[in-house]
Amino acid sequence: MEIHGYVDHIIYHNMENAYTVMSVAVNGEQEVVVGTFPGISEGENLTLQGEYVMHASYGEQFKATSYEVRPPEDAVAMERYLGSGAIKGVGPKLAARIVKTFKGDTFRVMEEDPTRLSKIKGISEKMALDICGQIIEKRDTREAMVFLESYGIHSNLAMKVYRQYGSQVYSVIANNPYRMAEDISGVGFKIADEIASKVGISASSEYRIQCGVLYILNQAACSGHTYLPKELLLRNTAQMLGLDPQDVEANLMNMAMEKKIVIRGREDPQVYAGAFYRMEEMTAGMMLALNHNYHVEDDQIEAAIARLEQGERMELDPQQKEAVTTAIRHGVCLMTGGPGTGKTTTIRAMLNYFLDQGLNVQLAAPTGRAAKRMSEATGCQAKTIHRLLEVSGGAGEEGESLGRFERDQFHPLEAEVIIVDEMSMVDISLMHALLKAVADQTRLILVGDINQLPSVGPGNVLRDLIDSGAFPTVRLDRIFRQSEASDIVVNAHRINRGQTVILDNKSKDFFFLEREDADHIISVTLQLMRDKLPAYVGADMFDIQVLTPSRKGLLGVERLNEILQKYLNPEGESRREYRCGERIFREGDKVMQIKNNYQMEWEVRSEYGLVFDRGTGVFNGDMGRIEEIDHFSQSLTVRYDEDRLVTYPFKQLDELELAYAITIHKSQGSEYPAVIIPLLDGPRMLLNRNLIYTAVTRARSCVTLVGKEQIFRQMCDNNTQARRFSGLCQRITEQVQTQEKMNQITRENA
Ligand SMILES: Nc1ncnc2c1ncn2[C@@H]1O[C@H](COP(=O)(O)OP(=O)(O)OP(=O)(O)O)[C@@H](O)[C@H]1O
């Protein structure tokens, strides 16, 4: 059916997909209309096709399937549209004067006759031209938006596309929509390809193939690879495009010539997206350049270690001494070890040595939580790597999705020693950015556990650095914390070594509760969170963390969070809430920021509400609780660690997620007083030793596994780690060999 009316007010508008809920005046009655309305403004005059439906919570509403916008016809609608803020410089009063003067002819005059418009009191000629320009621009934009919408490109993205190409948008879509995938973040191969097929571009067009190759490389990067073996790349691309691998291969040379990709090696060629290759090359070069030797006498080191041991009131183990010595004598020192093997103690010893020497030492870790732990353990301030590099927002170079850093080769860090913990989480982009800011002669000490999951981002930096054999490396493998009878540590090492973990529940900190199905697992989880664990570990219910292998499924993050929210932070009169599409955010909810946002402002207030610290930057993985939801200002405030308050406009809530449960991947680098790990079924590739090891080692005081023992056993036995295609180790080896050849030539010529 068809109805006519004008938009009285917009109740909800999703900027990403243009889904809108609005109140429309139809024959003097207010009707709730829902549907997809890109760039809609209040006061607009609509003809809507669709049907009335009954919504369980909101009652009757008109669900629009299509619509047409016409200039507002009646005076009220015109006034409302012009005064809604849609036209800059025109407020409600001016809108009323304009409509009163031109009546039904208002829009024609505004588009075609700025001179007449300027006759109105309060409108200069310049302003009249500006208003006229805006009306035309709005019309053109809307036409472009409707055009893009017809190809499935929605509101925000459509705006980006239109801003990039302006009136060229029609020819880009018609001739090479794949250009958009290169020019505009947010348009990927899939969108471009769908459009291309609608406009009838040939399936074997070179644009399509090249875009497909970059897409597959990009997908590979999302799975952690910096390159793909050529055969695999050809196979995957050909399969996706429905073409022959030879058709794809024919394009690779051109792409390499245009520097879009880099192909390395003859026998089993590696194909990189250009940016990742350059990052690996430079990382290898910069690491090797830092790898100096420093001459310090043995007795000097021994004396220093004796002093450190006195300070720590313990004797350092031979491996720990070796680590300290290595850090003193070399520009680069790598140290790896599992939980409780004395990494932090050794970091402290190194730190104290360098501080005693009067050197400027900086401590850093990849996440806020890891940095906080490092600060607590050392008594010295540790920063996130982003903060250390003084992230300033804006776009990074070479496709780095890191933001821009103030610290780089032109403005390096002033530190003489930099110690980075939790290195397993650092990906190639961050490592590259860090190294650029490390001055020559600065010592770099990198610490981590190579048995943790590798970084979420591409690369396998810590492992590659160690595997290259080019840098002094110390492995700590004596477990100290065992003496404190921590089964978490003992079992983590057993898991790592492939030994059987005893699940007899005689432990004080490692429990297993057998449950066969998802609903029982969830009800036990709830009981543990609400009744048992908080008192047992002396923590707040909201600090107990559920760590689950996957996002989807019966025990995936999404379902778990929905259920845990319902029971742990239920609906209530005292708690305001905001519905955002399918999701509900409620005051008191535990939430997590899911992307790096360098511009987001935070502030810390005193108990009287005075702001005494402020800054910018909220990072992927930061966790907090919703403090306040304010419907009037359409925003929600989250209290993060260190009492940082961050206010999110409702339209920015795609950066937040409920965090009662998070994936094990997301938990890297964090520690919680107690963790609950639900284990049911899942794909074999995902359920491996690495994953369960990482989950177990996140707990400080208590681990509870809930689910099928068989799955736990399978995970411990499954040592097949998904292979990461990362070439850093090879790049280092190549550069070492080249250097050796050069040295040999120099020697021969001398
Ligand atoms: N040489 C040593 N002699 C005796 N105890 C030690 C020694 N080194 C470390 N410890 C003790 O072992 C425990 C674990 O050490 P530490 O916190 O340094 O390990 P870690 O590898 O950083 O552990 P995690 O990764 O779990 O934080 C601490 O209680 C620490 O005091």
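Computed from a predicted structure; not experimentally measured. Read the numbers this way: they start at 1 and go in the same order the structure lists the ligands and their atoms.
Judged as a side chain to side chain donor-acceptor pair (under 3.5 Å), and not counting sequence neighbours, Q714 has no contacts.
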| task | Carefully, step by step, assess E390 and K383 under the rule salt bridge (charged side-chain N to carboxylate O under 4.0 Å, His left out). | result | CA-CA 10 Å; E390 295 171 26; K383 296 179 181 166; over 6 Å; no
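With distances taken over non-hydrogen atoms, the option nearest atom 21 (O) of ligand 1 out of K321, Q319, K343 is K343. Of all the listed residues (D317, T336, T345), T345 holds the heavy atom that lies closest to atom 30 (C) of ligand 1. Comparing L316, T344, T346 by heavy-atom distance to atom 27 (O) of ligand 1, the nearest is T344.
Contact between G337 and ligand 1 is absent, with no heavy atom of the residue lying under 4.0 Å from the ligand. Ligand 1 lies nowhere less than 4.0 angstrom from a heavy atom belonging to A377.
Considering L462, I466, I445 as possible partners of M423, the one that fulfils the side chain to side chain contact (heavy atoms under 4.5 Å, CB included) test is L462.
Heavy-atom contacts from other residues, nucleotides or ligands closer than 6.0 Å to CZ of R515 number more than 12.
For residues 357-368, the set of pairs meeting the salt bridge (Lys or Arg N to Asp or Glu O under 4.0 Å) definition, not counting sequence neighbours, is empty.
The contact set between ligand 1 and E315, taken as ligand atoms under 4.0 Å from a residue heavy atom, comprises 1 (N), 2 (C), 3 (N). Of all atoms in ligand 1, numbered sequentially from 1 with element shown, those under 4.0 Å from a heavy atom of G338 are 21 (O).
Atom CG of residue D717 and atom CG of residue L687 lie 12.5 Å apart, to the nearest 0.5 angstrom. The structure places CD of Q735 at 10.5 Å from CD of E280, a figure rounded to the nearest 0.5 Å.
With a heavy-atom cut-off of 4.0 Å, Q320 touches ligand 1 through its side chain alone.
Looking at ligand 1, you won't find any N or O of M314 less than 3.5 Å from one of its N or O atoms. The shortest N or O to N or O distance between P339 and ligand 1 is not under 3.5 Å.
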